[in-house]
Amino acid sequence: MTVVSQVKQTLASLKGIHAGLQQLALTSQDETAQRTFHEAMLATEEIIADIKDRIGRLEFEEPQYHGK
Amino acid sequence: MPIWLETAIRSICILIGLFVITRILGKKQLSKLSFFEYIVGITVGDIAGTMSVDLGISLQEGITSILIWSLFPVAVARLSLRNKKFRDFVEGNSTVFIKNGKILEENLKREKYTVDELLEQLRKKDVFRVADVEFAVLEPNGDLNVLLKREKQPLTVGDVFPNPPREKEPQTVIMDGMILDEPLAVMGLGRGWLKEQLDKQGVAIENVFLAQVDSYGQLTIDLYDDKIQIAEPQEKKLLLAAMKKVQADLELYALQTNSEEAKALYERNAAKMAELVQKVEPLLRN
């Protein structure tokens, strides 16, 4: 597995986590829990943006990573 | 009119009357009867019983007496609801028996309590050593309530986790295979959601005896057929595991990469993820 595909897999997991947190934020009854889940969801969005950025660069630099 | 008929009519009327009166007296009467209320209850019952069989007593006399006996406590209750002094007079005060870990012998004597009785009451509260008690008070209704010393108090969740996640009451959404729409609406969910959840577990609604939704939107079910195994909801645990895995992945990438810039990015995000995991872990653990 190349580095890019590994990072892409992590990105997919991150998106899953984002969705899970979003659902919990919506279904939780307690306000504090709702807020915590919502904040966590927003934080994962930041991470997702960073990782996407990184994937873009990796794909650009891919030749360098081949065979490693 | 034959005697038996008159007795029957009297009894039925009195039964209905007593029923209405007990409704007016309310629930409080059941949970903690004061001595006064106890006696009033017995007397009202006795008058009603005598009235229904003793035809020598005229209905007018009986009803007057019953009304006085039953309405007086209602009036007293109303008054004592308003006035603290009157309440203290009617219901009595509590008496402190143990204070700062020391038995107050004067108060024991005043309530005519022997040491044996005090010990017995303490044992009822699972206290076998008087030295463990910080404070004990005899309530007006005769109960002894005990506050243990801090180091002897049972461990609570709040002692272990400073800010435990709050838990609301679960709602029952299926009973006897029937969907209850109101509790579903209270949770902000609908039949569509419920069907989806049941499909996920591979169960038909008709087979569900009871289903509850907890405050995090997780569905737990009990089936008519107890031989079928159903998995407990795993979503929250899976989510936590996924978060931990992503965090570990990011740390791994940070170690593997040669580029300084990428290393910084991975490390920063791994730290962010670790912080997130720490924040939501208490909510996701169960």
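Annotation: maximal heavy-atom pairing with chain B below 4.5 Å, among A:Asp50, A:Leu14, A:Thr36, occurs at A:Asp50. The candidate from B:Glu261, B:Glu275, B:Glu235, B:Lys245 with the greatest count of non-hydrogen atom pairs under 4.5 Å with chain A is B:Glu261. Chain B forms the most heavy-atom pairs under 4.5 Å with one residue out of A:Val7, A:Thr44, A:Leu21, A:Asp53, and that residue is A:Val7. When each of A:Ser13, A:Ala33, A:Gly16 is scored by its heavy-atom pairs under 4.5 Å with chain B, the top score falls to A:Ala33.
Interface residue B:Asn269: backbone and side-chain heavy atoms are both found under 4.5 Å from chain A. When heavy atoms are compared at a cutoff of 4.5 Å, B:Val213 does not approach chain A at all. Contacts of B:Leu250 with chain A are made by side-chain atoms alone, with heavy-atom separations under 4.5 Å and no backbone atom involved. Proximity to chain B (any heavy atom under 4.5 Å) is shown, for A:Leu11, by neither the backbone nor the side chain. For chain B, the nearby parts of A:Ile17 are the backbone and the side chain; heavy atoms of each come within less than 4.5 Å. When heavy atoms are compared at a cutoff of 4.5 Å, B:Leu189 approaches chain A solely by way of its side chain, counted from C-beta outward. With a 4.5 angstrom heavy-atom cutoff, B:Lys168 touches chain A only via side-chain atoms. The part of A:Thr32 that comes within reach of chain B is its side chain, from C-beta onward, which places non-hydrogen atoms under 4.5 angstrom from that chain.
Around the NE2 atom of A:His18, the shell of radius 6.0 Å holds more than 12 heavy atoms that belong to other residues, nucleotides or ligands.
Taking the ring centre of B:Tyr216 as origin, the terminal cationic atom of B:Lys236 falls inside the region bounded by 6.0 Å and 45° from the ring axis.
Counting only heavy atoms from C-beta outward, the side chains of B:Phe135 and B:Ile98 never approach each other to under 4.5 Å. Counting heavy atoms from C-beta outward, B:Leu184 and B:Ile179 have side chains that approach closer than 4.5 Å. Considering only heavy atoms from C-beta on, B:Tyr266 comes within 4.5 Å of A:Ile51 through its side chain.
Between B:Asp132 and B:Lys149, none of the side-chain N atoms (NZ, or NE/NH1/NH2) sits under 4.0 Å from a carboxylate O, so this pair counts as no salt bridge. A salt bridge does not link A:Lys15 to A:Glu45: none of the charged nitrogens lies less than 4.0 Å from a carboxylate oxygen. The pair B:Lys99-B:Glu134 does not meet the salt-bridge criterion, since no charged nitrogen lies less than 4.0 angstrom from a carboxylate oxygen.
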